There are 2 protein chains.
Amino acid sequence: MAVEKPECLPERLLAQEWRDILDVHARTMCELDRELHAFGLGASDFEVLDLLAQGRDGDDRGDGGKDPYGSFRVQELASGIHLSQSALSRVIGRLEKDGLVARGMCAQDRRGVRVEITDAGRVRHSEVLPIQRAVLARMLGSGRGRDAVRP
Amino acid sequence: MAVEKPECLPERLLAQEWRDILDVHARTMCELDRELHAFGLGASDFEVLDLLAQGRDGDDRGDGGKDPYGSFRVQELASGIHLSQSALSRVIGRLEKDGLVARGMCAQDRRGVRVEITDAGRVRHSEVLPIQRAVLARMLGSGRGRDAVRP
DNA sequence: ATGCATAGAATGCATTTGCATTTAATTCAC
DNA sequence: GTGAATTAAATGCAAATGCATTCTATGCAT
């Protein structure tokens with residue numbers, strides 16, 4: 001039988017690349033989650049809050065100025081976040097329960113829901129944003145390629 | 001490959017890098033999970049099965065060995081997989097229930113558990129390995145740096 | 001207008017996961 | 001040897017997530 005030698009086949013490279021991604025993702029996400037939980041937020045919660053706080057990257061409103069710049073359709077949020085529609089709905093529900101966002105009806109299409117960040121939400125966001133950046137700097141900035149596995 | 005561009009502000013660069021990682025991870029993991037579910041496996045299940053199938057040093061030594069080359073302590077698996085100890089225990093439980101792995105006592109330390117892959121497990125692994133490789137090739141092989149975000 | 005198909009969002013349910021705790025076996029101090 | 005402390009793995013429990021379904025609102029054809 002043909003013996004497999006430790007050559008660098010593209011499949012092996014892909015597998016290794018995938019392992020690296022899994023590793024960085026798991027460790028960073030774990031850290032992020034733990035640090036954010038001290039502020040009553042999960043990683044997904046922060047992602048949504050971050051999108052709302054940044055307000056369409058701050059330049060494009062697209063609503064004619066009628067709505068606050070922190071207002072999004074749920075669909076818009078869904079396209080920017082890797083979460084199922086149902087999960088996103090529940091995240092918004094949690095954030096709303098905590099008073100960080102508010103749901104409102106969409107005037108143009110009353111099936112839709114407009115989500116906007118509240119003042120409390122902005123405060124919370126500005127609190128946790130440095131935390132997130134610190135975690136990213138710590139986990140992504142330093143060793144990332146192969147040796148990141150070693151604590 | 002090299003996507004580093006040391007021109008922007010480091011915080012924004014890190015945030016973008018993290019978004020890229022989140023994106024690739026989410027889409028690849030989602031695909032992987034969906035495809036593997038057709039074979040009754042989740043992504044974590046496959047990871048464990050893959051470790052067991054590849055043997056200790058990542059390469060299948062010899063072909064006919066019935067020796068415990070597919071035998072791992074749970075702890076060893078834990079160090080190679082980003083999963084909590086409890087979750088790993090349950091993954092092993094599922095795999096065992098499906099007859100893909102077998103648990104046995106560890107002679108040296110009877111607190112420990114030895115996990116080894118079964119013949120059925122090897123068959124299943126050889127079935128799904130090409131699937132995984134195909135998904136990885138499809139999701140990682142093509143554009144990955146920045147344009148992978150656009151569908 | 002009326003009825004039927006479709007879109008946006010919420011909810012029921014099952015699965016997976018992590019944290020905290022428990023159970024069992026080993027090691028250490030005495 | 002006996003008992004406390006420690007380690008390996010399993011389990012109770014709660015939270016998060018995805019799929020399928022449901023509910024409401026819209027659009028389109030008649």
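Please read these numbers as outputs of a predicted model, since none were measured by experiment. Here is the naming used below: chain letters follow the sequence lines, and residue numbers restart at 1 for every chain.
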For a quick test of your reading: what N or O donor-acceptor pairs under 3.5 Å do the side chains of residues 99-113 of chain B make, sequence neighbours left out?
residue, atom, partner, partner atom, Å
B:R103, NE, B:E96, OE1, 3.1
B:R103, NH2, B:E96, OE1, 3.4
B:D109, OD1, B:R111, N, 3.1
B:D109, OD1, B:R111, NE, 3.1
B:D109, OD2, B:R111, NE, 3.4
B:D109, OD2, B:R111, NH2, 2.8

What pairs of donor and acceptor atoms, side-chain ones from residues 126-133 of chain A against any protein atom, are under 3.5 angstrom apart with sequence neighbours left out?
residue, atom, partner, partner atom, Å
A:S126, OG, A:R122, O, 3.3
A:S126, OG, A:V123, O, 2.7

**Request:** Encode nucleotides 22-29 of chain C as B, S and - characters from 5' to 3', where the letter depends on protein heavy atoms closer than 4.0 Å: B to the base, S only to sugar-phosphate, - to neither.
**Result:** ---BS---
**Asked** How close or far is atom C1' of D:dA9 from atom CZ of B:R114, stated in whole angstroms?
**Response** 15 Å
**Message:** Nearest whole Å is fine: how far is C:dG18 P from A:D33 CG?
**Reply:** 10 Å
**Item:** Separation of atom NE2 in B:H37 from atom C1' in C:dA14, rounded to whole Å
**Value:** 11 Å
For nucleotides 17-20 of chain D, which of its nitrogen or oxygen atoms have a protein nitrogen or oxygen under 3.5 Å away, and what is each distance?
residue, atom, partner, partner atom, Å
D:dT17, OP1, A:S44, OG, 2.6
D:dT17, OP2, A:R94, NH2, 3.4
D:dG18, OP2, A:S84, N, 2.8
D:dG18, OP2, A:S84, OG, 2.7
D:dG18, N7, A:S86, OG, 3.3
D:dG18, O6, A:R90, NH2, 3.3
D:dC19, N4, A:S86, OG, 2.8

**Message:** Which heavy atom of A:G80 sits nearest to which heavy atom of A:L51, and what is that distance?
**Reply:** CA-CD2, 4.3 Å
**Request:** Check the distance between C:dG18's P and A:M29's CE and give it to me in whole angstrom.
**Result:** 12 Å
**Item:** Length of the line joining B:E76:CD and D:dA8:P, which is rounded to integer Å
**Value:** 12 Å
**Complete:** Residue pairs meeting ring pair (Phe, Tyr, Trp, His ring centres under 6.0 Å), one or both in residues 94-113 of chain A, sequence neighbours left out, come to none
**Asked** What's the verdict on salt bridge (charged side-chain N to carboxylate O under 4.0 Å, His left out) for B:R19 and B:D23, showing C-alpha distance, side-chain angles and the deciding distance?
**Response** CA-CA 6 Å; B:R19 289 207 146 266; B:D23 186 65; over 6 Å; no
**Prompt:** Pairs in or reaching into residues 100-135 of chain A: which pass ring pair (Phe, Tyr, Trp, His ring centres under 6.0 Å), with residues at least two apart or in two chains?
**Reply:** A:F46-A:H125
**Fill in**
The side chain to side chain contact (heavy atoms under 4.5 Å, CB included) partners of B:A26 (sequence neighbours excluded) come to A:H82
**Fill in**
Rounded to whole Å, the CG-C1' distance (A:L36 to D:dA15) equals 16 Å
**Asked** For the pair made of CZ in A:F46 and P in D:dA16, what is the distance, rounded to whole Å?
**Response** 17 Å
**Item:** Interatomic distance, A:R103 CZ vs C:dG8 C1' [rounded to whole Å]
**Value:** 13 Å
**Request:** With sequence neighbours excluded, give me every salt bridge (charged side-chain N to carboxylate O under 4.0 Å, His left out) pair touching residues 43-52 of chain B.
**Result:** B:D45-B:R94
**Message:** Going by ring pair (Phe, Tyr, Trp, His ring centres under 6.0 Å), name the pairs with one or both residues in residues 104-123 of chain A, residues two or more places apart or in two chains.
**Reply:** none
